[in-house]
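To start, the structure under review is shown below, and the notes come after it.
What you see is a predicted model, and the numbers here were worked out from it, not measured in a lab.
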Amino acid sequence: MKKILVLLLIASAFSCKNVQLAAPQDNSEPAKYMNIISEENLKKMLYIVASDEMEGRETGSKGQKKAGLYMIEQYKNNGIPFPKGAKDYYQAVPAAFLNARRNENLPDSENIWAYIEGSEKPNEVLVISAHYDHVGIKKGEIYNGADDDGSGTVALLEIAKAFAKAKKDGHGPKRSILFLHVTGEEHGLHGSRYYSENPLFPIANAIADINIDMIGRRDVEHANTNNYVYVIGADRLSSDLHNITVAQNERYVKLDLDFKFNDPADPNHFYERSDHYNFAKHGIPAVFLFNGVHEDYHQKGDEPEKIEYDALTKRAKLAFVIAWELANRESRPVVDKPIK
């Protein structure tokens, strides 16, 4: 009996010696997944999202709802679920809320959300946002809003696909990511305001917002190149977020970062004019990526054939690598500036 016990102990020790502990997940290198973001896919999706079939995606319209169904189909095809705690991909935004500040007779509408749960800090949530509404039909003419904000809409879909592939390969984000397509931006940032006031996850758990609104064209200030993007707001609340944005761009994408519109004295006040602002008002660090206005801004000529898909792709990749760092770094970005 003693002999058997000794043999069992030796076998057990030998077995334990040969058991290797699972290596810690290394999420430091996003380049492989960044390159999943494809010019071809962005173009294919944008020609659908900004087609006449979507009737200009006016808030609450049949065309906007049709665009929303297409977006949800992409999330389902890529195996990306709606968030935990939600019953589907929609956050209903009631007409009463949309019309409370100035009654424009808007019907009920919806934010659309998708979600990848974090592997280590699932309760901390990075939000990546873009509005999917536009201005609809005016005098019988469809305003398709390919740049505003079809470009941001398809960028979110492609960024989500890249994160989903990383997760499938065992490199999913350590923090959770909420992909948030908001409605009612053109009427006063209503959808993002609704989410910030009725969040699915506690707003204090949101570590940052990356907002993408118009990243497919160039403005007159950059007539000779599209290798740039305006960066707005990153340093307004958090030095960390600014430093991450600059470092990730320098390491992976190498766009020219233009901070012109980040000046608080800028008369355009772009910082207050897109959906990130409704997160910043709650003390959530936010960065807004933007190509500036052009001759087709809010005009019928904002069509998919005028998009510069190489620029759209590079800017989407920048958003992705910023998100990768925020989702995987040791600590959330520190808020070290006062809320204004």
Ion pair Glu55/Arg57, N-O distance below 4.0 Å: no

Applied to residues 266-283, the salt bridge (Lys or Arg N to Asp or Glu O under 4.0 Å) test, sequence neighbours excluded, yields none

Relative to Tyr252, does Lys317 satisfy both conditions: NZ or CZ under 6.0 angstrom from the six-membered ring centre, and within 45 degrees of the ring's axis? no

Does a side-chain N-to-carboxylate-O contact under 4.0 Å join Arg217 and Glu308? no

Does a side-chain heavy-atom distance below 4.5 Å link Val182 with Tyr132? no

Glu110 and His181: side-chain donor and acceptor closer than 3.5 Å? no

Judged by modelled atom types alone, do Asp147 and Ser151 share a side-chain donor-acceptor pair under 3.5 Å? yes

Nearest heavy-atom neighbours spanning Arg175 and Leu326: NH1-O, 3.1 Å

Applying the side chain to side chain contact (heavy atoms under 4.5 Å, CB included) test to Val125, which of Pro199, Ser176, Pro202, Pro83 qualifies? Ser176

Is any side-chain N of the basic residue among Lys254 and Glu250 closer than 4.0 Å to the acidic one's carboxylate O? yes

Charged N to carboxylate O under 4.0 angstrom, Arg251 versus Glu29? yes

How would you list, by chain and number, every residue that makes a ring-ring contact (aromatic ring centres under 6.0 Å, His included) with Phe279, sequence neighbours excluded? none

Please step through side-chain contact (heavy atoms from CB on, under 4.5 Å) for the pair Asp235 and Leu241, ending with a clear verdict. CA-CA 7 Å; Asp235 68 348; Leu241 181 56; over 6 Å; no

From the list Asn226, Asp219, Thr225, side chain to side chain donor-acceptor pair (under 3.5 Å) with His222 holds only for Asp219

Kindly indicate whether the side chain of Thr183, heavy atoms from C-beta on, has any atom under 4.5 Å from the side chain of Gln64. yes

Taking the basic N atoms (NZ, or NE/NH1/NH2) and the acidic carboxylate oxygens, is any pair closer than 4.0 Å for Glu158 and Lys161? yes

With the side chain counted from C-beta on, respond yes when Thr59 and Leu98 share a heavy-atom pair under 4.5 Å apart, and no when they do not. yes

Between Asp169 and Lys165, does any NZ, NE, NH1 or NH2 come within less than 4.0 Å of an OD or OE carboxylate oxygen? yes

is_close_aromatic(Trp324, Tyr33), centroid dist under 6.0 Å: yes

Crowding at NZ, Lys84 (>12 non-hydrogen neighbours, <6.0 Å): no

Between Pro30 and Val321, the two heavy atoms sitting closest are CG-CG1, 4.1 Å

Going by the angle between their ring planes, with limits at 30° and 60°, are His298 and His134 parallel, tilted or perpendicular? perpendicular

Using the test side chain to side chain donor-acceptor pair (under 3.5 Å), find all partners of Ser239 that sit at least two apart in sequence or belong to another chain. Asp336

Using the ring of each side chain (for Trp, its six-membered ring), is Tyr277 parallel, tilted or perpendicular to Tyr271, with breaks at 30° and 60°? perpendicular

Search all heavy atoms of Gly283 against all heavy atoms of Ile339 and return the closest pair with its distance. CA-CD1, 3.4 Å

Give me the atom names and distance for the closest heavy-atom approach of Asp296 to Asp302. O-CB, 3.5 Å

Lys43 NZ: over 12 foreign heavy atoms closer than 6.0 Å: no

Once you measure the plane-to-plane angle for Phe179 and Tyr75, does it fall in the parallel (<30°), tilted (30-60°) or perpendicular (>60°) bin? tilted

Which class fits the ring pair Phe261 and Tyr230: parallel under 30°, tilted 30 to 60°, perpendicular over 60°? tilted

